[in-house]
2 protein chains.
Amino acid sequence: MPRAGLTPERVVREAGDLADEGGLAALTLSAVAGRLGVRQPSLYKHIDSLDGLQRGVSLAAKRDLGEALTRAAVGRSGPDAVRSVAAAYRSWVLDHPGRYAATVRAPDPDDEEDREVSAEVVSVVLAVLAAFDLEGDQAIDAARALRSAIHGFVSLEAAGGFGLPRDVDRSYEFLIDSLVAGLGRA
Amino acid sequence: MPRAGLTPERVVREAGDLADEGGLAALTLSAVAGRLGVRQPSLYKHIDSLDGLQRGVSLAAKRDLGEALTRAAVGRSGPDAVRSVAAAYRSWVLDHPGRYAATVRAPDPDDEEDREVSAEVVSVVLAVLAAFDLEGDQAIDAARALRSAIHGFVSLEAAGGFGLPRDVDRSYEFLIDSLVAGLGRA
DNA sequence: GGCTTATGGCTATAGTCAATAGCCAACGTC
DNA sequence: GACGTTGGCTATTGACTATAGCCATAAGCC
């Protein structure tokens, strides 16, 4: 038996690709193994469980999303930065629907690594709102609001939830612009 | 064998209860059958498939949510109506997390019945925004924005996505108030 | 009441999953 | 080149969806 040269990283990457192509439900160990040219039980040499694999996909996705958001934020501030980050968020999700779905699963509250990468995403959102002169709790509220709006929109969009024939790009701009206009004037 | 007196409605209701108690993942035919005092294959006399059962749970949930929103809207208008509907939406979801999760699954685009009950929810949102003098596409944009914001917030909340120790009720109020303030000023 | 038919339970079973046990060849180390 | 570790493998278990086919109950009809 020649070795396939697997690593946890390769398995996680392939699992992410599979999820993006066929939805999170298509992420089965058999399917991942098939893609890697290996039998299903062999994966257990590299992962703990299906749950662990999904966690791996989720962590990698959050890291990647966080980097994309950071890139979108550099050199910008205020409403401009918010719009840029929001656009980057949505476009990342549309490119990686399955990986994004993996990030949504409720994490174990004392999963330190997960908290860390999640905090990074939140920190970009907080940083981008810094120019709005919100203090203390209001800054947290605003970050939650922006995250909620973006997450809600892209989730509904990904689930095919927008039935009416209205341009989705414009609706997204409207949402972000409205929220930006409303922050601090509530 | 005494008959258990099942109906599709009872099966769907029990399935919804199960989903609310243990999460959508806990919704298995064996578990539903166990609750109804019946063997798993017997359910197939009342439902088509697990997928069909989930669709049933989703439709019933959307109907129930729609009614709750309608009740919250009557006799109110403007920002007051928006806040009332938003509060009703969130509280319904917190009461029925599993049923709500069932509604999120991407429906078949030509499922007429699903389109109908989904449209009812959207129509409440549109009605509640009527006082904001938005015309044509802007009304659709605003409805999408409000739905996205609410859905995003409650989804993140249900998934345990708000780590920081800030009161969640107040963050929700902030979100809705900010959006209301921003509508029309974008 | 008795006959017929449709219906709603049941057992048995196939097929797909995740997961574990235990085997053996390939590789690294000395 | 021998040795231990590692990364594949087959076989198997148990949970799940789903189907096939049985039979008692309930409903309708004379």
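The model shown is predicted, which means the values in this text are computed figures rather than measured ones. Within every chain, numbering begins at 1; the chains are lettered A, B, ... in the order of the sequence lines, protein sequences first and strands thereafter. FYI, side chains are in, hydrogens and waters are out, and symmetry mates aren't considered; it's all heavy atoms of this structure.
If you measure from atom NZ of B:Lys45 to atom P of D:dA18, you get 16 Å, rounded to the nearest angstrom. Between B:Asp51 atom CG and D:dT17 atom C1' the separation is 11 Å, expressed in whole Å. In this entry the distance linking CG of B:Leu6 with P of C:dG9 reads 4 Å, nearest Å. With rounding to whole Å, A:Leu43 atom CG is found 16 Å from D:dT6 atom C1'. Taking atom CD1 of residue B:Ile47 and atom P of nucleotide D:dT19, one finds them 11 Å apart after rounding to whole Å. The distance from atom OH of A:Tyr44 to atom C1' of C:dG22 is 16 Å, rounded to the nearest whole Å. Here the C1' atom of nucleotide C:dC17 and the CG atom of A:Leu27 are 13 Å apart, to the nearest Å.
By the neighbour-count criterion of 12 heavy atoms within 6.0 Å, atom CZ of A:Arg115 is sparsely surrounded, having that number or fewer from other residues, nucleotides or ligands. Counting non-hydrogen atoms of neighbouring residues, nucleotides and ligands closer than 6.0 angstrom, the CG atom of B:Asp167 exceeds 12 such neighbours.
Here the shortest heavy-atom pairing between B:Asp20 and B:Gly98 reads OD1-N, 2.9 Å.
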Distances for protein N/O vs nucleotides 14-16 of chain D N/O pairs under 3.5 angstrom?
none

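Listed pair B:His46 / C:dG9 meets the phosphate criterion, a side-chain N or O lying under 4.0 Å from OP1 or OP2. Contact annotation: A:Ser42 side-chain N/O to D:dG7 OP1/OP2 distance is not under 4.0 Å. Residue A:Arg39 has no polar side-chain atom (N or O) positioned under 4.0 Å from OP1 or OP2 of D:dG8.
Between B:Asp177 and B:Arg83, at least one side-chain N (NZ, or NE/NH1/NH2) sits under 4.0 Å from a carboxylate O, which counts as a salt bridge. Residues B:Arg105 and B:Asp51 are paired through a salt bridge, judged by an N-O separation under 4.0 Å between the basic side chain and the carboxylate.
Ring centers of A:Phe153 and A:Phe162: under 6.0 Å apart, within the cut-off.
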